[in-house]
Amino acid sequence: MSGLPRLPFARNDVLALAPEFGQLRADEPITRVRTATGDEAWLVTGWQEIRQVFADERLGRSHPTPASAPRLSNSAFAGGPTGDHATEREVHDSMRRLLTPAFSARRVQRLTGRVELLVDALLDRMAAQGPPADLHGSLSAPLPIHVICELLGVPYEDRERFRAIAEEMTDLTDPARSAAAQAEMNAYSFAVVRAKREHPGEDVYSDLATAELPEAEIARIAGGLLFAGHETTVNQIDYGVLLLLRDPEQRDALARDPGRAPAAVEEILRMAAPSQHGLVRYAHEDVEIGGVTVRAGELVVLATFAANRDERVFPDPERFDIGRETENAHVGFGYAGRYCLGASLARIELRAVFQALFPRFPTLSLAVPYEELEVRSDRLTGGFAALPVAW
(Lines give C-alpha, C1' and ligand atoms only; values in the text may rest on other atoms or scores of the structure.)
Protein backbone atom coordinates (compact mmCIF):
# COMPACT_ATOMS: atom_id res chain seq x y z
CA MET A 1 0.00 0.00 0.00
CA SER A 2 3.07 2.25 -0.10
CA GLY A 3 2.01 3.56 -3.50
CA LEU A 4 -1.18 5.19 -2.21
CA PRO A 5 -1.80 8.83 -3.18
CA ARG A 6 -0.43 11.01 -0.38
CA LEU A 7 -2.28 13.95 1.13
CA PRO A 8 -2.06 16.90 1.06
CA PHE A 9 -2.04 17.45 -2.69
CA ALA A 10 -0.26 20.57 -3.96
CA ARG A 11 -2.22 23.27 -5.72
CA ASN A 12 -0.64 25.56 -8.29
CA ASP A 13 -3.36 28.20 -8.30
CA VAL A 14 -5.13 29.69 -5.27
CA LEU A 15 -8.52 29.39 -7.02
CA ALA A 16 -7.99 25.92 -8.50
CA LEU A 17 -8.00 22.55 -6.78
CA ALA A 18 -5.06 20.20 -6.96
CA PRO A 19 -5.62 18.17 -10.17
CA GLU A 20 -5.43 14.90 -8.25
CA PHE A 21 -8.90 15.47 -6.82
CA GLY A 22 -10.53 15.55 -10.25
CA GLN A 23 -8.51 12.59 -11.45
CA LEU A 24 -9.44 10.46 -8.45
CA ARG A 25 -13.10 11.48 -8.67
CA ALA A 26 -13.24 10.42 -12.33
CA ASP A 27 -11.64 7.04 -11.62
CA GLU A 28 -12.73 6.21 -8.06
CA PRO A 29 -15.02 8.66 -6.19
CA ILE A 30 -13.99 6.86 -3.00
CA THR A 31 -10.42 5.64 -2.92
CA ARG A 32 -7.64 4.70 -0.53
CA VAL A 33 -5.08 7.40 0.30
CA ARG A 34 -2.39 8.06 2.86
CA THR A 35 -2.78 11.15 5.03
CA ALA A 36 -0.22 13.73 6.12
CA THR A 37 0.25 11.78 9.37
CA GLY A 38 1.04 8.57 7.48
CA ASP A 39 -2.29 6.88 8.21
CA GLU A 40 -4.50 5.17 5.66
CA ALA A 41 -7.92 6.63 4.88
CA TRP A 42 -10.74 6.61 2.37
CA LEU A 43 -10.90 9.85 0.36
CA VAL A 44 -14.39 10.71 -0.92
CA THR A 45 -14.50 13.14 -3.85
CA GLY A 46 -17.85 12.31 -5.49
CA TRP A 47 -20.97 14.41 -4.83
CA GLN A 48 -23.34 11.48 -4.49
CA GLU A 49 -20.93 9.53 -2.30
CA ILE A 50 -20.37 12.48 0.04
CA ARG A 51 -24.11 13.02 0.46
CA GLN A 52 -24.39 9.33 1.34
CA VAL A 53 -21.76 9.70 4.06
CA PHE A 54 -23.41 12.82 5.52
CA ALA A 55 -26.79 11.06 5.67
CA ASP A 56 -25.52 7.78 7.15
CA GLU A 57 -25.63 7.72 10.96
CA ARG A 58 -23.13 4.87 10.98
CA LEU A 59 -20.38 7.41 10.30
CA GLY A 60 -19.44 10.02 12.88
CA ARG A 61 -16.70 12.18 14.35
CA SER A 62 -15.79 9.89 17.26
CA HIS A 63 -13.64 6.76 17.49
CA PRO A 64 -13.64 4.01 20.15
CA THR A 65 -9.86 4.32 20.65
CA PRO A 66 -9.10 7.97 19.89
CA ALA A 67 -5.45 7.79 20.93
CA SER A 68 -4.70 5.22 18.23
CA ALA A 69 -7.25 6.32 15.63
CA PRO A 70 -6.02 7.15 12.13
CA ARG A 71 -5.73 10.91 11.61
CA LEU A 72 -5.99 13.29 8.68
CA SER A 73 -3.63 15.91 10.10
CA ASN A 74 -2.04 17.29 13.25
CA SER A 75 -4.94 19.65 13.82
CA ALA A 76 -6.43 19.08 17.26
CA PHE A 77 -9.68 20.71 16.14
CA ALA A 78 -10.37 18.82 12.91
CA GLY A 79 -7.56 16.36 12.25
CA GLY A 80 -8.82 13.38 14.21
CA PRO A 81 -11.63 12.04 16.39
CA THR A 82 -13.83 14.32 18.47
CA GLY A 83 -16.36 13.57 21.19
CA ASP A 84 -17.22 10.43 23.13
CA HIS A 85 -17.84 7.34 21.03
CA ALA A 86 -20.52 5.98 23.35
CA THR A 87 -22.59 9.15 23.45
CA GLU A 88 -21.81 10.96 20.17
CA ARG A 89 -25.20 10.46 18.54
CA GLU A 90 -27.11 11.37 21.70
CA VAL A 91 -25.02 14.52 22.24
CA HIS A 92 -25.27 15.51 18.57
CA ASP A 93 -29.06 15.12 18.57
CA SER A 94 -29.37 17.08 21.83
CA MET A 95 -27.16 19.86 20.49
CA ARG A 96 -29.20 20.20 17.29
CA ARG A 97 -32.49 20.25 19.22
CA LEU A 98 -31.10 22.99 21.43
CA LEU A 99 -29.43 25.13 18.76
CA THR A 100 -31.70 24.72 15.74
CA PRO A 101 -34.18 27.36 16.97
CA ALA A 102 -31.31 29.77 17.67
CA PHE A 103 -29.94 29.38 14.14
CA SER A 104 -33.27 29.05 12.38
CA ALA A 105 -33.66 30.92 9.11
CA ARG A 106 -36.46 33.02 10.63
CA ARG A 107 -34.44 34.09 13.68
CA VAL A 108 -31.29 34.75 11.69
CA GLN A 109 -33.29 36.65 9.06
CA ARG A 110 -34.03 39.25 11.70
CA LEU A 111 -30.31 40.04 11.68
CA THR A 112 -30.35 41.01 8.00
CA GLY A 113 -30.80 44.73 8.53
CA ARG A 114 -28.16 44.80 11.24
CA VAL A 115 -25.65 42.92 9.05
CA GLU A 116 -26.29 45.29 6.13
CA LEU A 117 -25.65 48.30 8.40
CA LEU A 118 -22.37 46.73 9.55
CA VAL A 119 -21.29 46.14 5.94
CA ASP A 120 -22.11 49.74 5.00
CA ALA A 121 -20.16 51.07 7.97
CA LEU A 122 -17.10 48.97 7.13
CA LEU A 123 -17.22 50.04 3.48
CA ASP A 124 -17.60 53.70 4.55
CA ARG A 125 -14.46 53.36 6.65
CA MET A 126 -12.56 51.67 3.82
CA ALA A 127 -13.58 54.43 1.40
CA ALA A 128 -12.58 57.15 3.85
CA GLN A 129 -9.13 55.63 4.33
CA GLY A 130 -8.68 55.43 0.56
CA PRO A 131 -6.80 52.96 -1.64
CA PRO A 132 -4.90 50.77 -1.42
CA ALA A 133 -6.62 48.79 1.31
CA ASP A 134 -6.47 45.35 2.83
CA LEU A 135 -9.94 43.95 2.18
CA HIS A 136 -9.27 41.07 4.56
CA GLY A 137 -8.58 43.37 7.48
CA SER A 138 -11.12 46.02 6.47
CA LEU A 139 -14.15 43.83 5.72
CA SER A 140 -13.71 40.06 5.51
CA ALA A 141 -12.54 39.56 9.09
CA PRO A 142 -14.34 42.25 11.12
CA LEU A 143 -17.83 41.57 9.74
CA PRO A 144 -18.18 37.87 10.74
CA ILE A 145 -16.47 38.56 14.06
CA HIS A 146 -18.92 41.32 14.93
CA VAL A 147 -21.93 39.26 13.85
CA ILE A 148 -20.94 36.10 15.72
CA CYS A 149 -20.26 38.09 18.88
CA GLU A 150 -23.78 39.51 18.78
CA LEU A 151 -25.43 36.18 17.97
CA LEU A 152 -23.55 34.11 20.55
CA GLY A 153 -23.38 36.79 23.24
CA VAL A 154 -19.59 37.03 23.28
CA PRO A 155 -18.11 40.40 24.37
CA TYR A 156 -16.92 42.18 21.23
CA GLU A 157 -14.06 43.73 23.19
CA ASP A 158 -12.62 40.20 23.52
CA ARG A 159 -12.27 39.84 19.75
CA GLU A 160 -8.48 40.19 19.65
CA ARG A 161 -8.16 37.54 22.32
CA PHE A 162 -10.29 34.87 20.69
CA ARG A 163 -8.97 35.68 17.21
CA ALA A 164 -5.44 35.01 18.46
CA ILE A 165 -6.60 31.70 19.97
CA ALA A 166 -8.35 30.77 16.71
CA GLU A 167 -5.12 31.43 14.81
CA GLU A 168 -3.27 28.99 17.07
CA MET A 169 -6.04 26.39 16.65
CA THR A 170 -5.56 26.30 12.88
CA ASP A 171 -1.86 25.39 13.11
CA LEU A 172 -1.19 22.19 11.14
CA THR A 173 2.49 21.97 12.02
CA ASP A 174 2.46 21.67 15.83
CA PRO A 175 -0.20 19.36 17.34
CA ALA A 176 0.61 20.43 20.91
CA ARG A 177 0.13 24.07 19.99
CA SER A 178 -3.15 23.35 18.23
CA ALA A 179 -4.44 21.26 21.15
CA ALA A 180 -3.51 23.89 23.72
CA ALA A 181 -5.30 26.57 21.71
CA GLN A 182 -8.43 24.44 21.40
CA ALA A 183 -8.45 23.88 25.16
CA GLU A 184 -8.04 27.62 25.68
CA MET A 185 -10.88 28.42 23.28
CA ASN A 186 -13.18 25.96 25.03
CA ALA A 187 -12.25 27.33 28.45
CA TYR A 188 -12.80 30.94 27.36
CA SER A 189 -16.14 30.10 25.71
CA PHE A 190 -17.38 28.10 28.69
CA ALA A 191 -16.55 30.96 31.04
CA VAL A 192 -18.81 33.21 28.94
CA VAL A 193 -21.55 30.55 28.95
CA ARG A 194 -21.27 30.08 32.70
CA ALA A 195 -21.69 33.83 33.27
CA LYS A 196 -24.94 33.68 31.27
CA ARG A 197 -26.48 31.49 33.97
CA GLU A 198 -26.73 34.53 36.23
CA HIS A 199 -27.02 37.16 33.52
CA PRO A 200 -28.80 35.60 30.52
CA GLY A 201 -29.48 37.45 27.31
CA GLU A 202 -31.16 36.91 23.95
CA ASP A 203 -28.23 34.95 22.55
CA VAL A 204 -27.04 31.42 21.80
CA TYR A 205 -24.66 31.14 24.76
CA SER A 206 -27.60 31.88 27.08
CA ASP A 207 -29.39 28.93 25.46
CA LEU A 208 -26.32 26.76 26.02
CA ALA A 209 -26.18 27.85 29.67
CA THR A 210 -29.40 25.90 30.31
CA ALA A 211 -28.39 22.78 28.36
CA GLU A 212 -28.58 19.45 30.18
CA LEU A 213 -25.26 18.25 28.84
CA PRO A 214 -21.91 17.49 30.52
CA GLU A 215 -19.90 20.67 31.06
CA ALA A 216 -17.07 19.35 28.90
CA GLU A 217 -19.51 18.95 26.00
CA ILE A 218 -20.97 22.43 26.52
CA ALA A 219 -17.44 23.86 26.48
CA ARG A 220 -16.57 21.95 23.30
CA ILE A 221 -19.76 23.06 21.55
CA ALA A 222 -19.36 26.68 22.65
CA GLY A 223 -15.74 26.78 21.52
CA GLY A 224 -16.61 25.19 18.20
CA LEU A 225 -19.42 27.66 17.56
CA LEU A 226 -17.18 30.65 18.21
CA PHE A 227 -14.39 29.30 16.00
CA ALA A 228 -16.44 28.03 13.07
CA GLY A 229 -18.98 30.83 13.34
CA HIS A 230 -16.54 33.40 12.03
CA GLU A 231 -13.42 31.73 10.61
CA THR A 232 -14.99 30.04 7.58
CA THR A 233 -17.03 33.09 6.59
CA VAL A 234 -13.92 35.27 6.64
CA ASN A 235 -12.36 33.05 3.99
CA GLN A 236 -15.51 32.78 1.89
CA ILE A 237 -15.64 36.58 1.61
CA ASP A 238 -11.98 36.76 0.57
CA TYR A 239 -12.31 33.99 -1.98
CA GLY A 240 -15.61 35.28 -3.32
CA VAL A 241 -14.08 38.69 -3.93
CA LEU A 242 -11.08 37.10 -5.62
CA LEU A 243 -13.25 34.92 -7.87
CA LEU A 244 -15.12 38.02 -9.05
CA LEU A 245 -11.98 40.12 -9.47
CA ARG A 246 -10.57 37.40 -11.71
CA ASP A 247 -13.70 37.62 -13.87
CA PRO A 248 -14.36 41.32 -14.58
CA GLU A 249 -17.41 40.57 -16.73
CA GLN A 250 -19.21 38.89 -13.84
CA ARG A 251 -17.93 41.51 -11.39
CA ASP A 252 -19.49 44.20 -13.59
CA ALA A 253 -22.74 42.26 -13.91
CA LEU A 254 -23.03 42.09 -10.13
CA ALA A 255 -22.16 45.78 -9.78
CA ARG A 256 -24.96 46.67 -12.22
CA ASP A 257 -27.50 44.35 -10.62
CA PRO A 258 -27.00 43.68 -6.87
CA GLY A 259 -30.11 41.49 -7.03
CA ARG A 260 -27.85 38.79 -8.43
CA ALA A 261 -26.06 38.54 -5.08
CA PRO A 262 -27.94 35.43 -3.79
CA ALA A 263 -27.05 33.41 -6.90
CA ALA A 264 -23.48 34.76 -6.79
CA VAL A 265 -23.16 33.64 -3.16
CA GLU A 266 -24.24 30.08 -3.99
CA GLU A 267 -21.68 29.91 -6.80
CA ILE A 268 -19.01 31.27 -4.46
CA LEU A 269 -19.93 28.61 -1.90
CA ARG A 270 -19.59 25.97 -4.62
CA MET A 271 -16.31 27.16 -6.06
CA ALA A 272 -14.36 28.72 -3.20
CA ALA A 273 -11.87 26.32 -1.63
CA PRO A 274 -9.72 28.20 0.89
CA SER A 275 -8.56 24.87 2.30
CA GLN A 276 -8.09 21.38 0.86
CA HIS A 277 -8.07 19.79 4.30
CA GLY A 278 -11.35 17.85 4.15
CA LEU A 279 -13.76 16.70 6.85
CA VAL A 280 -13.07 13.75 9.13
CA ARG A 281 -15.48 10.86 9.67
CA TYR A 282 -15.06 7.40 11.17
CA ALA A 283 -17.09 4.29 10.39
CA HIS A 284 -18.81 3.10 13.58
CA GLU A 285 -19.57 -0.20 11.88
CA ASP A 286 -18.92 -1.75 8.48
CA VAL A 287 -20.68 0.35 5.82
CA GLU A 288 -20.80 0.33 2.03
CA ILE A 289 -20.20 3.64 0.27
CA GLY A 290 -20.27 3.87 -3.50
CA GLY A 291 -19.68 0.14 -3.87
CA VAL A 292 -16.74 0.15 -1.44
CA THR A 293 -16.86 -1.49 2.01
CA VAL A 294 -15.46 0.72 4.76
CA ARG A 295 -14.61 -1.24 7.90
CA ALA A 296 -15.50 -0.13 11.41
CA GLY A 297 -12.89 2.26 12.79
CA GLU A 298 -11.53 3.33 9.41
CA LEU A 299 -11.06 7.00 8.58
CA VAL A 300 -13.15 8.61 5.84
CA VAL A 301 -12.10 12.03 4.50
CA LEU A 302 -14.78 14.14 2.82
CA ALA A 303 -13.43 16.45 0.13
CA THR A 304 -16.60 18.54 -0.21
CA PHE A 305 -14.75 21.10 -2.33
CA ALA A 306 -14.00 18.36 -4.90
CA ALA A 307 -17.60 17.10 -4.83
CA ASN A 308 -18.74 20.63 -5.62
CA ARG A 309 -16.96 20.29 -8.95
CA ASP A 310 -18.37 16.87 -9.82
CA GLU A 311 -19.08 16.88 -13.55
CA ARG A 312 -21.86 14.32 -13.01
CA VAL A 313 -23.84 17.02 -11.18
CA PHE A 314 -22.60 20.45 -12.28
CA PRO A 315 -22.36 21.32 -15.99
CA ASP A 316 -18.93 22.72 -16.85
CA PRO A 317 -17.99 22.47 -13.16
CA GLU A 318 -14.67 24.31 -13.32
CA ARG A 319 -16.33 27.45 -14.67
CA PHE A 320 -17.30 30.14 -12.17
CA ASP A 321 -20.74 31.36 -13.26
CA ILE A 322 -23.02 33.50 -11.08
CA GLY A 323 -25.77 33.03 -13.65
CA ARG A 324 -26.07 29.24 -13.43
CA GLU A 325 -29.55 28.26 -14.50
CA THR A 326 -29.65 24.84 -12.87
CA GLU A 327 -30.10 24.32 -9.14
CA ASN A 328 -26.81 24.84 -7.30
CA ALA A 329 -26.93 21.80 -5.04
CA HIS A 330 -23.45 22.22 -3.58
CA VAL A 331 -22.45 20.44 -0.38
CA GLY A 332 -20.55 23.38 1.06
CA PHE A 333 -22.78 23.26 4.14
CA GLY A 334 -22.98 19.49 4.40
CA TYR A 335 -26.18 17.51 3.97
CA ALA A 336 -29.06 15.88 5.86
CA GLY A 337 -28.47 15.52 9.61
CA ARG A 338 -25.02 17.01 9.21
CA TYR A 339 -26.20 20.16 7.48
CA CYS A 340 -24.47 23.18 8.97
CA LEU A 341 -26.55 25.00 11.57
CA GLY A 342 -24.89 28.27 10.62
CA ALA A 343 -25.78 28.11 6.91
CA SER A 344 -28.50 30.78 7.10
CA LEU A 345 -26.21 33.13 9.02
CA ALA A 346 -23.36 32.69 6.55
CA ARG A 347 -25.68 33.33 3.61
CA ILE A 348 -27.00 36.55 5.14
CA GLU A 349 -23.47 37.85 5.72
CA LEU A 350 -22.26 36.88 2.27
CA ARG A 351 -25.31 38.33 0.52
CA ALA A 352 -24.92 41.60 2.43
CA VAL A 353 -21.29 41.83 1.31
CA PHE A 354 -21.80 40.99 -2.35
CA GLN A 355 -24.87 43.14 -2.89
CA ALA A 356 -22.99 46.17 -1.54
CA LEU A 357 -19.28 45.82 -2.33
CA PHE A 358 -19.14 46.11 -6.12
CA PRO A 359 -21.89 48.71 -6.55
CA ARG A 360 -19.90 50.78 -4.03
CA PHE A 361 -16.50 50.02 -5.60
CA PRO A 362 -17.22 49.07 -9.26
CA THR A 363 -13.54 49.40 -10.23
CA LEU A 364 -12.22 47.29 -7.35
CA SER A 365 -9.10 45.36 -8.37
CA LEU A 366 -6.14 43.59 -6.84
CA ALA A 367 -3.36 45.88 -5.69
CA VAL A 368 -0.72 43.16 -6.13
CA PRO A 369 -0.16 40.62 -8.91
CA TYR A 370 -2.48 37.63 -8.56
CA GLU A 371 0.51 35.29 -8.54
CA GLU A 372 1.91 36.99 -5.42
CA LEU A 373 -1.08 36.16 -3.25
CA GLU A 374 0.00 33.66 -0.63
CA VAL A 375 -2.29 30.97 0.75
CA ARG A 376 -1.68 30.00 4.35
CA SER A 377 -1.16 26.33 3.59
CA ASP A 378 0.15 25.68 7.11
CA ARG A 379 -3.29 26.54 8.50
CA LEU A 380 -6.34 24.31 8.76
CA THR A 381 -8.66 26.86 7.17
CA GLY A 382 -6.17 28.16 4.60
CA GLY A 383 -7.06 31.59 3.34
CA PHE A 384 -5.02 34.78 3.19
CA ALA A 385 -3.39 36.93 5.81
CA ALA A 386 -4.17 39.94 3.60
CA LEU A 387 -6.04 40.75 0.37
CA PRO A 388 -4.67 44.04 -1.00
CA VAL A 389 -7.10 45.92 -3.25
CA ALA A 390 -7.37 49.29 -5.00
CA TRP A 391 -10.12 51.18 -6.84
Side-chain angles (χ1 to χ4, degrees), residues 1-54 59 70-73 75 78-79 170 172 232 235-236 238-240 242-243 246 266-281 289-292 294 298-321 324 328-335 338 373-384:
M1 302 292 279
S2 60
L4 292 176
R6 181 72 179 252
L7 299 175
F9 300 140
R11 65 199 306 182
N12 300 319
D13 186 314
V14 297
L15 292 179
L17 302 183
E20 289 88 344
F21 288 110
Q23 294 162 4
L24 290 174
R25 185 182 59 239
D27 296 336
E28 298 177 272
I30 174 167
T31 188
R32 278 281 196 183
V33 295
R34 193 171 298 281
T35 71
T37 58
D39 295 312
E40 291 184 19
W42 293 99
L43 177 68
V44 189
T45 52
W47 181 86
Q48 186 61 52
E49 292 77 13
I50 275 182
R51 281 164 54 105
Q52 181 184 342
V53 173
F54 276 130
L59 293 117
R71 298 184 62 86
L72 173 57
S73 72
S75 168
T170 63
L172 290 174
T232 52
N235 286 333
Q236 291 292 343
D238 278 346
Y239 268 70
L242 187 56
L243 282 162
R246 293 289 288 170
E266 296 310 309
E267 184 69 346
I268 289 166
L269 289 167
R270 185 185 75 84
M271 286 289 288
S275 169
Q276 295 187 138
H277 186 269
L279 302 177
V280 166
R281 294 291 184 269
I289 305 168
V292 171
V294 178
E298 290 186 327
L299 169 61
V300 179
V301 179
L302 305 184
T304 53
F305 45 87
N308 282 338
R309 304 191 188 199
D310 191 331
E311 56 281 342
R312 297 171 297 177
V313 178
F314 304 99
D316 197 3
E318 297 297 333
R319 179 171 56 90
F320 176 68
D321 180 7
R324 283 188 176 272
N328 197 335
H330 63 78
V331 288
F333 288 125
Y335 180 68
R338 297 287 180 169
L373 292 172
E374 294 185 11
V375 175
R376 301 193 302 170
S377 56
D378 61 336
R379 299 288 171 174
L380 169 69
T381 51
F384 307 105

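This is a predicted model, so every value here is computed, not measured.
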Going through the distances and angles, do Glu49 and Arg281 end up as a salt bridge (charged side-chain N to carboxylate O under 4.0 Å, His left out)? CA-CA 13 Å; Glu49 292 77 13; Arg281 294 291 184 269; over 6 Å; no

Step by step, would you call Leu373 with Leu242 a side-chain contact (heavy atoms from CB on, under 4.5 Å)? CA-CA 10 Å; Leu373 292 172; Leu242 187 56; 3.8 Å; yes

Steps toward salt bridge (charged side-chain N to carboxylate O under 4.0 Å, His left out) verdict (Arg32, Glu298): CA-CA 11 Å; Arg32 278 281 196 183; Glu298 290 186 327; 2.7 Å; yes

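Interatomic distance, Leu7 CG to Thr37 OG1, rounded to the nearest 0.5 Å: 9.5 Å. Between the CD atom of Glu311 and the CZ atom of Arg25 there is a distance of 4.5 Å, given to the nearest 0.5 Å. In this structure, OG1 on Thr31 lies 7.5 Å from CG on Leu4, to the nearest 0.5 angstrom. Interatomic distance, CZ of Phe305 versus NE2 of His277, reported as 9.5 Å (0.5 Å rounding). Considering CD1 of Ile30 and CD of Gln48, their distance stands at 13.0 Å, rounded to 0.5 Å. The CZ atom of Phe320 lies 9.5 Å from the CG atom of Leu15; values are rounded to the nearest 0.5 Å.
Here the closest heavy-atom approach between residue Ala306 and residue Phe21 is recorded as CB-CB, 4.0 Å. When all heavy atoms are compared, the tightest approach of Pro5 to Leu24 is CG-CD2, 4.4 Å. Taking all atoms of both residues into account, the shortest heavy-atom contact from Ser275 to Leu380 is OG-O, 2.7 Å. Closest non-hydrogen pair, Pro70 versus Leu299, comes out as CG-CB, 3.8 Å. Pairing each heavy atom of Ala18 with each of Ala10, the nearest pair is CB-O, 3.1 Å. Nearest heavy-atom pair across Ile50 and Val331 is CG2-CG2, 4.2 Å.
In this structure a side-chain-to-backbone donor-acceptor pair under 3.5 Å is present from Gln276 to Phe9. Using a distance-only test at 3.5 Å, with no hydrogens or angles considered, a donor-acceptor pair links the side chain of Thr35 to the main chain of Arg71. The backbone N or O of Pro315 lies less than 3.5 Å from a partner atom in the side chain of Arg324, making a donor-acceptor pair. Between the side chain of Arg270 and the main chain of Pro317, a donor-acceptor pair closer than 3.5 Å is present. Checked by atom type and distance alone, the side chain of Arg51 never pairs as donor or acceptor with a backbone atom of Phe54 at under 3.5 Å. No donor-acceptor pair closer than 3.5 Å links the side chain of Asp310 to the backbone N or O of Thr45. Not one N or O on the side chain of Asn235 forms a donor-acceptor pair closer than 3.5 Å with the backbone of Pro274.
Using a 4.5 Å cut-off on side-chain heavy atoms (C-beta onward), Val14 and Tyr239 make contact. Side-chain atoms of Ile289 and Trp42, non-hydrogen and from C-beta on, never get closer than 4.5 Å to each other. Residues Met271 and Arg309 are in side-chain contact: their nearest non-hydrogen atoms beyond the backbone lie under 4.5 Å apart. Looking only at side-chain heavy atoms (C-beta outward), Val300 and Leu302 come within less than 4.5 Å of each other.
The environment of CD in Glu374 is sparse: at most 12 heavy-atom neighbours from other residues, nucleotides or ligands sit within 6.0 Å. The environment of Asn12 atom CG is sparse: at most 12 non-hydrogen atoms of other residues, nucleotides or ligands sit within 6.0 angstrom.
In this structure Arg376 satisfies the salt bridge (Lys or Arg N to Asp or Glu O under 4.0 Å) test together with Glu167, sequence neighbours excluded. Not counting sequence neighbours, the partners of Gln23 by the side-chain contact (heavy atoms from CB on, under 4.5 Å) test are Pro19, Glu20.
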